[in-house]
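What you are looking at is a predicted structure, and each value in this text was computed from that prediction instead of being measured. Reckoned from all heavy atoms, side chains included, excluding hydrogens, waters and symmetry mates.
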Amino acid sequence: MQDRKLNLAVIGVGGRGKENLGGAFTENVIAICDVDGATLARALKRCHPKTRGYADYRIMLEELHDQLDAVIVNTPDHTHYPISMMAMDYGIHVYCEKPLAHTVQEVREMTQKAAEKGLITSMGNQMHTCANYRRVVEIIQSGGLGQIQEVHVWCGKGWGGNTVRPARTDTIPADFRWDLWLDGAPQRPYVDAIYHPSNWRRWWDFGTGTLGDMGCHYMDLVFWALNLTSPNSVQATGPDLATQSEMAPLGLKIEYEFTHEGRPLRVYWYDGDIQPEILETYGLTKWLGGVFFVGTEGALQADYTKRILAPVEKFANYVEPKPWIPESLGHFADFFNGIRTKTLPPCHFGYTGPLTEAILLGVEAYRTNRKIECK
């Protein structure tokens with residue numbers, strides 16, 4: 001395997017999958033799969049002439065499992081689990097987009113399966129490769145802010161609303177397998193552009209709103225810098241649940257309590273039009289999304305590419321620690337290198353599983369309207 005390219009299958013080649021297919025071309029893409037025939041046809045034109053196209057991942061894995069080294073899963077959230085579990089049952093390494101699965105139980109089973117089978121895995125946390133994230137982690141872990149007291153995480157994106165299911169039924173395109181797209185989710189009529197290709201993120205049956213979409217990116221920095229795993233408790237506030245039976249809300253606030261260095265640590269999530277007011281206390285501009293660490297010796301605001309220490313005057317002459325975290329080879333390169341060297345890449349399921357569980361517990365706390373105590 002060290003001397004040859006890996007044999008890959010890419011499942012879901014529209015949207016995020018279109019870009020991930022490009023990332024897979026450093027290896028041998030022997031098959032691609034998509035339930036949308038038009039999307040599949042366009043993707044096949046980008047591939048080697050011998051690349052095989054499939055509508056059903058089950059048929060693809062049954063036919064090619066003994067040839068595949070890894071699969072790249074880019075489908076809607078509700079299908080991550082069945083695809084990844086089937087691949088892992090065959091002993092195939094798995095890269096899966098975020099969030100890792102649709103429910104906490106699914107995430108836990110995927111994480112356990114990967115460990116039991118000794119497989120190389122990675123979740124699509126592309127921002128984990130950012131140099132800026134590395135520098136923030138180094139500042140936090142070197143004690144630059146003192147003892148971290150609380151963290152605020154926010155994203156101005158808005159996958160949600162309070163729309164009910166459309167009453168109409170549209171004609172399913174001839175080359176689109178709506179039955180395969182649903183793949184075990186509750187049956188409902190096909191409606192143009194309401195669910196496919198990307199609006200599924202808004203609907204509970206298929207996605208998990210802004211928190212599920214973006215939480216794994218922003219909360220990753222918090223988990224990494226503070227070595228967090230499972231929260232002690234999770235509670236949520238947001239729009240009236242009576243209006244959100246079908247669709248994720250716009251404007252959700254989650255309060256997590258963790259234990260960090262033997263002390264309680266609160267981490268807050270905000271999305272939609274909600275942002276942390278504490279930034280104004282430090283005279284900082286509200287970015288569209290970011291993370292704000294508050295410590296006994298100061299604070300730090302960061303996103304994917306930039307960071308600001310505050311109060312600005314206090315840190316005017318601050319010298320950042322010498323970098324010690326190795327730079328990433330690249331998000332896919334880390335995964336492929338892990339397969340070749342039999343070493344876990346940074347975003348393996350053992351790390352991203354607990355991260356995703358925390359994200360999905362926030363969703364569950366909102367949908368059940370209760371504080372979840374984690375044991």
Side-chain angles (χ1 to χ4, degrees), residues 77 98-99 125 127 130 132-133 136 140 145 148-162 201-202 204 207-226 228 230-241 243-244 247-258 260 264-295 299-310 355-372 374:
D77 296 357
K98 49 75 191 166
N125 247 24
M127 304 313 164
C130 293
N132 191 57
Y133 268 27
V136 171
I140 300 295
L145 302 183
I148 301 300
Q149 298 178 309
E150 61 186 57
V151 186
H152 300 263
V153 188
W154 71 99
C155 178
K157 203 170 184 178
W159 284 117
N162 58 7
R201 290 195 181 278
R202 304 178 188 276
W204 291 130
T208 43
T210 307
L211 178 57
D213 179 31
M214 300 302 295
C216 289
H217 285 319
Y218 286 110
M219 290 285 282
D220 172 37
L221 182 57
V222 185
F223 268 62
W224 189 2
L226 301 178
L228 301 181
S230 299
N232 301 325
S233 65
V234 187
Q235 54 187 329
T237 55
D240 187 347
L241 278 168
T243 68
Q244 305 299 152
M247 187 177 280
L250 288 174
L252 190 61
K253 181 178 179 180
I254 311 292
E255 179 180 336
Y256 296 92
E257 183 179 292
F258 293 89
H260 176 59
L265 171 73
R266 282 184 167 78
V267 177
Y268 301 91
W269 166 269
Y270 317 75
D271 66 39
D273 58 355
I274 307 176
Q275 291 185 328
E277 296 180 358
I278 192 172
L279 294 173
E280 297 177 358
T281 304
Y282 287 83
L284 297 175
T285 302
K286 291 181 178 179
W287 300 341
L288 181 62
V291 181
F292 190 61
F293 296 90
V294 181
L300 188 156
Q301 182 180 10
D303 64 8
Y304 304 150
T305 61
K306 56 187 181 295
R307 57 191 179 276
I308 298 177
L309 288 156
L355 167 62
T356 306
E357 286 187 30
I359 299 302
L360 296 180
L361 283 170
V363 173
E364 186 68 13
Y366 171 72
R367 295 194 68 189
T368 59
N369 195 29
R370 65 185 178 91
K371 182 178 182 178
I372 297 176
C374 308

### Query
Any idea which heavy atoms bring Trp287 and Asp303 closest together, and the distance?
CZ3-N, 3.6 Å

Any residue meeting side chain to side chain donor-acceptor pair (under 3.5 Å) with [X], in chain and number order, not counting sequence neighbours:
{"X": "Asn162", "result": "none"}
{"X": "His152", "result": "Glu150, Tyr270"}
{"X": "Thr208", "result": "Asp77"}
{"X": "Gln301", "result": "none"}

Please name all residues satisfying side chain to side chain contact (heavy atoms under 4.5 Å, CB included) with [X], sequence neighbours left out, ordered by chain then number.
{"X": "Asp213", "answer": "Lys98, Lys157, Trp159, Arg201"}
{"X": "Asn132", "answer": "Val136, Ala302, Arg307"}
{"X": "Ala299", "answer": "Tyr282, Phe292"}
{"X": "Ser230", "answer": "none"}

### Query
Can you list the residues that meet the salt bridge (charged side-chain N to carboxylate O under 4.0 Å, His left out) rule with Arg266, with sequence neighbours excluded?
Glu255, Glu257

#### Entry: Trp204: ring pair (Phe, Tyr, Trp, His ring centres under 6.0 Å) partners, not counting sequence neighbours
none

### Query
Which pairs count as salt bridge (charged side-chain N to carboxylate O under 4.0 Å, His left out) when at least one residue sits in residues 268-285, sequence neighbours excluded?
Glu280-Lys286

Taking only distance into account, with no hydrogens and no angle test, what donor-acceptor pairs under 3.5 Å do side-chain atoms of residues 231-240 form with protein atoms, sequence neighbours excluded?
residue	atom	partner	partner atom	Å
Asn232	ND2	Thr259	OG1	2.8
Asp240	OD1	Ala242	N	3.0

